Amino acid sequence: MGWRKSKQIAAEAARNDVHKEEPGPAVADVQAKPLLVVEGVERTFQAGGQPLHVLKGIDMELKPRRLVMLRGRSGSGKTTLLNMIGGLDQPSKGHIFFNDLPFHAMSDDQRTKVRRKDMGFIFQAFALMPLLSAYENVELSLRMAGVPGAEWKPRVEHCLELVGLAKRMHHRPFELSGGEQQRVAIAKAIAHRPSLLLADEPTAELDSQMAAQIMSVFQTIIRTEQVTICMTTHDPTILEVADHVYEMVDGKFI
Ligand SMILES: Nc1ncnc2c1ncn2[C@@H]1O[C@H](COP(=O)(O)OP(=O)(O)OP(=O)(O)O)[C@@H](O)[C@H]1O
């Protein structure tokens with residue numbers, strides 16, 4: 001359901017349905033506290049001795065269990081913003097709150113701890129270990145997240161099933177298609193149960209059919225794993241599955 005649509009339904013329910021004791025899911029969803037808040041964020045780099053203003057005052061929020069897309073031309077600042085949301089970089093000005101934690105004021109180490117526990121990342125190039133099977137790749141991320149060994153097997157199998165690769169879990173990346181490799185990367189990114197998944201152009205290397213499969217997997221994991229997804233894209237054909245699209249032009253949303 002689109003963001004606007006769920007908002008409309010929530011407003012209507014609030015107006016008409018005064019007898020209901022419990023709010024319906026749409027109402028609960030709209031009222032949910034944001035997982036992430038970005039306020040007046042600016043980012044300036046020094047390039048060739050000159051300041052380069054890449055982000056020029058960004059405000060946004062990510063509500064739980066939403067699929068949010070950042071769209072914009074190459075160089076408009078999407079990756080810079082995604083890095084900031086993921087705590088990989090800090091704003092020159094403005095505030096970022098993740099789960100109420102002030103990312104803009106925290107040290108690298110503090111942000112790294114939060115990121116390892118509560119965030120997952122997916123990139124354009126699938127970032128898998130080439131000599132490890134799909135299973136071993138996902139298991140590795142649990143090992144690195146410090147998840148107890150007894151939980152690995154059921155969790156790895158569950159995540160690979162969720163992305164539709166139960167039958168291919170012992171294949172290595174070169175034995176899988178690009179779309180399948182990206183699905184392993186998704187299983188790897190969600191294995192430690194993050195609340196936020198950040199994806200930088202996750203469909204850029206894929207044909208339209210594989211891209212549609214990735215978007216369908218994203219919709220599944222939002223529902224079943226209660227994750228929020230924020231992704232960048234150039235691809236106009238996948239925008240329709242987004243709950244909300246932020247359009248970026250030259251470091252600002254329009
Ligand atoms: N560390 C840095 N130092 C200097 N300039 C940078 C740095 N990181 C990004 N930039 C510049 O900021 C601008 C925005 O880059 P960014 O990667 O955020 O754009 P984008 O919208 O993600 O582009 P694409 O779609 O091509 O990935 C570019 O002009 C880039 O060269």
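Treat the numbers as computed from the prediction; the structure is a model and nothing was measured. Read the numbers this way: they start at 1 and go in the same order the structure lists the ligands and their atoms.
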Problem - M60: which of L70, I96, V37 passes side chain to side chain contact (heavy atoms under 4.5 Å, CB included) - result: L70
Practice task
Keeping the roles fixed (side chain from E225, backbone from I222), state whether a donor-acceptor pair exists under 3.5 Å.
Solution key: no
Handout entry: Ring centers of F97, H104 separated by less than 6.0 Å
Key = yes
Handout entry: atom 14 (C) of ligand 1 [closest protein heavy-atom partner, distance rounded to 0.1 Å]
Key = G75 O, 3.4 Å
Practice task
Side-chain contact test, heavy atoms from C-beta onward, threshold under 4.5 Å: evaluate it for E136 versus S133 and give yes or no.
Solution key: yes
Exercise for the section: Say whether H234 and ligand 1 are in contact under the criterion: heavy-atom distance to a ligand atom below 4.0 Å. Expected result: yes
Problem - atom 30 (C) of ligand 1 touched by protein heavy atom at under 4.0 Å - result: no
Exercise for the section: Among all protein heavy atoms, pick the one closest to atom 4 (C) of ligand 1 and tell me residue, atom and distance. Expected result: F45 CB, 3.4 Å
Completion exercise
One finds that the ligand 1 atoms under 4.0 Å from a non-hydrogen atom of S76 are 19 (O), 21 (O)
Problem - Common cluster, I214/L176, ILVMFWY with side-chain heavy-atom separation under 4.5 Å - result: yes
Exercise for the section: Return yes or no for this condition: an N or O of Q46 is under 3.5 Å from an N or O of ligand 1. Expected result: no
Exercise for the section: State whether the shortest distance between N or O atoms of G77 and N or O atoms of ligand 1 falls below 3.5 angstrom. Expected result: yes
Fill in the blank from the handout: Of all protein heavy atoms, the one nearest atom 25 (O) of ligand 1 is K78 NZ, 2.8 Å
Let me have the donor-acceptor pairs involving side chains of residues 141-151, under 3.5 Å, with sequence neighbours excluded, atom names and distances please.
| unit_1 | atom_1 | unit_2 | atom_2 | d |
| --- | --- | --- | --- | --- |
| S141 | OG | V138 | O | 3.1 |
| S141 | OG | K188 | O | 3.1 |

Problem - Any donor-acceptor N/O pair, Q182 side chain to F123 backbone, under 3.5 Å - result: yes
Practice task
Using a strict 4.0 Å cut-off to heavy atoms of T80, name the atoms of ligand 1 that fall inside it.
Solution key: 9 (C), 15 (O), 16 (P), 18 (O)
Fill in the blank from the handout: atom 12 (O) of ligand 1: closest protein heavy atom, distance to 0.1 Å, is V54 CG2, 3.1 Å
Problem - Which of the ligand 1 atoms, numbered from 1, are nearer than 4.0 Å to a heavy atom of R73 - result: 21 (O)
Handout entry: Nearest option to atom 17 (O) of ligand 1, as decided by whichever heavy atom of L81, T233, T79 sits closest
Key = T79
Practice task
Using a 4.5 Å cut-off on heavy atoms from C-beta on, say whether the side chain of R43 contacts that of M84.
Solution key: yes
Problem - Closest protein heavy atom to atom 26 (O) of ligand 1, given as residue, atom name and distance to 0.1 Å - result: S74 OG, 2.5 Å
Handout entry: Neighbour count >12 (heavy atoms, 6.0 Å) for atom CD, Q46
Key = yes
Problem - atom 23 (O) of ligand 1 protein-contacted, heavy-atom criterion under 4.0 angstrom - result: yes
